[in-house]
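Down below is the structure, laid out as structure tokens.
The figures here come from the full heavy-atom set of this structure, side chains too, leaving out hydrogens, waters and symmetry mates.
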2 protein chains.
Amino acid sequence: MKNCALDKNSMTILIADDHPLTLYGTQAFVTSLGYKVVHICTDGQEAFEWIVMHQPKMAILDISMPQMDGLEVLEKLHQRGISTRIILFTMHKEATIYKRAKNMGLSGYLLKEGSEDELKLCLETVAQGGKYMSKLILKEVNKHQTSESEELTFAEKKVLELIAQQKTSKQIGDLLFISEKTVEKHRSNIIQKLNLPKEKNILLHWAMKHFIDK
Amino acid sequence: MKNCALDKNSMTILIADDHPLTLYGTQAFVTSLGYKVVHICTDGQEAFEWIVMHQPKMAILDISMPQMDGLEVLEKLHQRGISTRIILFTMHKEATIYKRAKNMGLSGYLLKEGSEDELKLCLETVAQGGKYMSKLILKEVNKHQTSESEELTFAEKKVLELIAQQKTSKQIGDLLFISEKTVEKHRSNIIQKLNLPKEKNILLHWAMKHFIDK
DNA sequence: AAAAAAATAAGGGTTAACCCTTATTTTTTG
DNA sequence: CAAAAAATAAGGGTTAACCCTTATTTTTTT
């Protein structure tokens, strides 16, 4: 039954994490499971270049990394149509980040606070062509779905991104070539859709908590 | 020369980190150096209780942990006069956090992005009674010293903490039993001392970036 | 082509954050 | 005990964020 058994040794994996001890810990664990770790690195730029060049079967990427974050790596690989299966292994439990990644051909999303067993299961699933999203992040997404029932439109997301970068409505208007008043309208709509409490600066606060800022 | 050589096997160590793979990675590395890892756990509450009960020689604590964060553990141990030497091993590069910890008898501060060698050197130094603070965090502190030349007073710190919790000046006044106007004055003084740019909500923004909120 | 959804814009109002100045009281320190 | 530093408070002003309403244009869907 050779087609049933997983040939782990042919599953080449790249691991990228900017925390050396986590990196080595993950490498040791993944190797002990029988997979072939072909490259490790501590920054996103290197991870991206290595993946483009050597196209390993899978890659385990942290999100917070210097030069280029894991989401950017995923996005750029996705744009180039590279078939390396990407697993994000990160501490970011934000539903927003997960949702962004999900639309870019992501194969797995794990939280660092999760167990080793989860990583093992995830690797098996992804190696066989499946997708594995941590229950922890799905729970987080569900929590938000109740209040975030209505999805944000493209324009609203754009505005939210700029709010997270501390731009004022005026500045956002200039950047998007729309009136300040329109930006304010978008702000109100976002607050309504997200069902945020009536507080000053509530949007800035929310945006800062849910976006990775550069 | 027995008194020169370090008896690593008598150096009992507790390690706490809420990311299992980092925890096991650290444990494996520390053990490989010859130290005796007597307990590992993934939350601060357990770490605190174990340390109080068994008083190991050293403890390596992450800051972000469920139940009780590393800083709180350090603070409570310090208040009780427990002699376990604490090393914070964390991803928080904020100067403010380091400064808070420094005044609580801290023995070491390492960043997760630092190398294994750094952890090795730190353990040796602390085992011999010394203190080891990562160059990475000291650099961060220096960066802020230029702009943060004047230290914040106690009242200002208190206000800043509440700002990070999204309280308005009015709410802060009520909480601290002082006038809203006084709070506003503190805000202005903080902005001046930190040399922050003249922008709306700049304090909320700064406070959120530099404080761990609950 | 009509209906629905999204984006655009404006007028008008409230509030909190920030700025500046002045001034009194309390605490710390030489 | 003076002098310096910190905390307290108030008046008065500007601005950005948010709220509500109405309305036109553009895009998408049926």
Side-chain angles (χ1 to χ4, degrees), chain A residues 96 99 103 147-211 213, chain B residues 96 99-100 103 145 147-211 213:
Chain A
T96 329
K99 284 184 188 167
N103 300 320
S147 59
E148 210 176 309
S149 50
E150 293 183 78
E151 276 295 313
L152 297 182
T153 65
F154 182 77
E156 287 162 354
K157 281 183 204 159
K158 205 88 210 112
V159 168
L160 203 45
E161 220 177 293
L162 292 167
I163 291 172
Q165 289 169 34
Q166 309 154 66
K167 309 288 187 206
T168 64
S169 291
K170 172 116 183 51
Q171 290 173 315
I172 295 171
D174 290 345
L175 284 165
L176 301 181
F177 303 105
I178 55 178
S179 142
E180 187 185 346
K181 273 295 183 181
T182 307
V183 177
E184 284 198 350
K185 180 62 185 157
H186 284 316
R187 290 184 100 120
S188 298
N189 289 342
I190 295 167
I191 291 169
Q192 263 200 322
K193 284 190 181 178
L194 299 181
N195 201 22
L196 300 179
K198 265 191 188 185
E199 284 165 30
K200 269 273 135 75
N201 301 316
I202 192 66
L203 248 191
L204 171 64
H205 190 260
W206 191 91
M208 276 189 67
K209 273 214 167 175
H210 293 80
F211 278 84
D213 51 330
Chain B
T96 330
K99 284 183 187 169
R100 278 206 273 169
N103 300 319
Q145 261 180 345
S147 58
E148 211 176 307
S149 50
E150 291 182 80
E151 276 296 312
L152 297 182
T153 66
F154 181 77
E156 286 162 355
K157 281 183 204 161
K158 205 89 209 110
V159 168
L160 204 45
E161 221 176 291
L162 292 167
I163 291 172
Q165 288 169 35
Q166 310 156 66
K167 309 289 186 205
T168 63
S169 292
K170 172 113 183 51
Q171 290 174 314
I172 296 172
D174 290 346
L175 284 166
L176 301 181
F177 303 104
I178 56 178
S179 143
E180 186 185 345
K181 274 295 182 181
T182 307
V183 177
E184 284 198 349
K185 179 62 185 159
H186 284 315
R187 289 185 101 119
S188 298
N189 288 343
I190 294 167
I191 290 170
Q192 263 200 321
K193 285 190 181 178
L194 298 181
N195 200 21
L196 300 179
K198 264 192 189 182
E199 284 165 28
K200 269 272 137 73
N201 301 316
I202 192 67
L203 248 191
L204 170 64
H205 191 258
W206 191 91
M208 278 189 66
K209 274 215 166 174
H210 292 80
F211 278 84
D213 51 329

Notebook entry, point to check: Pick the nucleotide of DNA chain D nearest each of B/K181 and B/I178; which residue has the one closer to the 5' end?
Noted result: B/I178
Notebook entry, point to check: In whole angstroms, how far is the C1' atom of D/dT8 from the CG atom of B/L176?
Noted result: 12 Å
Notebook entry, point to check: Do any N or O atoms from the side chain of A/E161 and from the backbone of A/K158 form a donor-acceptor pair under 3.5 angstrom?
Noted result: no
Next item on the list: Give the rounded distance in Å between these two atoms: CG of B/L203 and P of D/dA16.
Entry: 17 Å
Item checked: Interatomic distance where CH2 belongs to B/W206 and P belongs to C/dC18 [whole Å] -> 13 Å
Notebook entry, point to check: Roughly, in whole Å, what's the span from CG in B/L175 to P in D/dT8?
Noted result: 14 Å
Next item on the list: May I ask which nucleotide in the shown strands pairs with C/dT22, Watson-Crick or G-U wobble, both distances under 3.5 Å?
Entry: D/dA9
Item checked: Worked check of side chain to side chain contact (heavy atoms under 4.5 Å, CB included) between A/W206 and A/I163 -> CA-CA 10 Å; A/W206 191 91; A/I163 291 172; over 6 Å; no
Next item on the list: May I ask you to evaluate whether A/T153 reaches the phosphate of C/dA7, defined as a side-chain N or O under 4.0 Å from OP1 or OP2?
Entry: yes
Next item on the list: Give the rounded distance in Å between these two atoms: CG of B/N201 and C1' of D/dA17.
Entry: 8 Å
Notebook entry, point to check: Are the side chains of B/L176 and B/V183 in touch, meaning some heavy atoms are under 4.5 Å apart?
Noted result: no
Check: Whole Å only: how far is the CD atom of A/Q166 from the P atom of D/dA16?
Finding: 15 Å
Next item on the list: For A/I202 and D/dC18, give me the distance from atom CD1 to atom C1', rounded to whole Å.
Entry: 11 Å
Notebook entry, point to check: Under 4.5 Å between any side-chain heavy atoms of A/T168 and B/E199, yes or no?
Noted result: no
Checklist line | Length of the line joining B/K198:NZ and C/dA17:C1', which is rounded to integer Å | finding: 14 Å
Item checked: Stepwise salt bridge (charged side-chain N to carboxylate O under 4.0 Å, His left out) test for B/K181 and B/E184 -> CA-CA 5 Å; B/K181 274 295 182 181; B/E184 284 198 349; 3.7 Å; yes
Item checked: Side chain of A/E156 - closest among C/dA7, D/dC20, C/dA16 -> C/dA7
Next item on the list: For DNA chain C, determine which residues of residues 182-190 of chain A have any heavy atom closer than 4.0 angstrom to one of its atoms, and list them numerically.
Entry: A/T182, A/K185, A/H186
Next item on the list: Verify the contact: side-chain N or O of A/S169 to OP1 or OP2 of D/dA17, cut-off strictly under 4.0 Å; return yes or no.
Entry: yes
Next item on the list: For B/K200 and for B/E180, locate the closest nucleotide of DNA chain D by heavy-atom distance; then report the residue assigned to the nucleotide nearer the 5' terminus.
Entry: B/E180
Margin query: Side chains of A/K200 and B/N201, heavy atoms from C-beta outward: is any pair under 4.5 Å?
Written below: no
Margin query: So if I apply the side-chain hydrogen bond (donor to acceptor under 3.5 Å, both in side chains) rule between B/S169 and each of B/E180, B/R187, B/H186, which one comes out positive?
Written below: B/R187
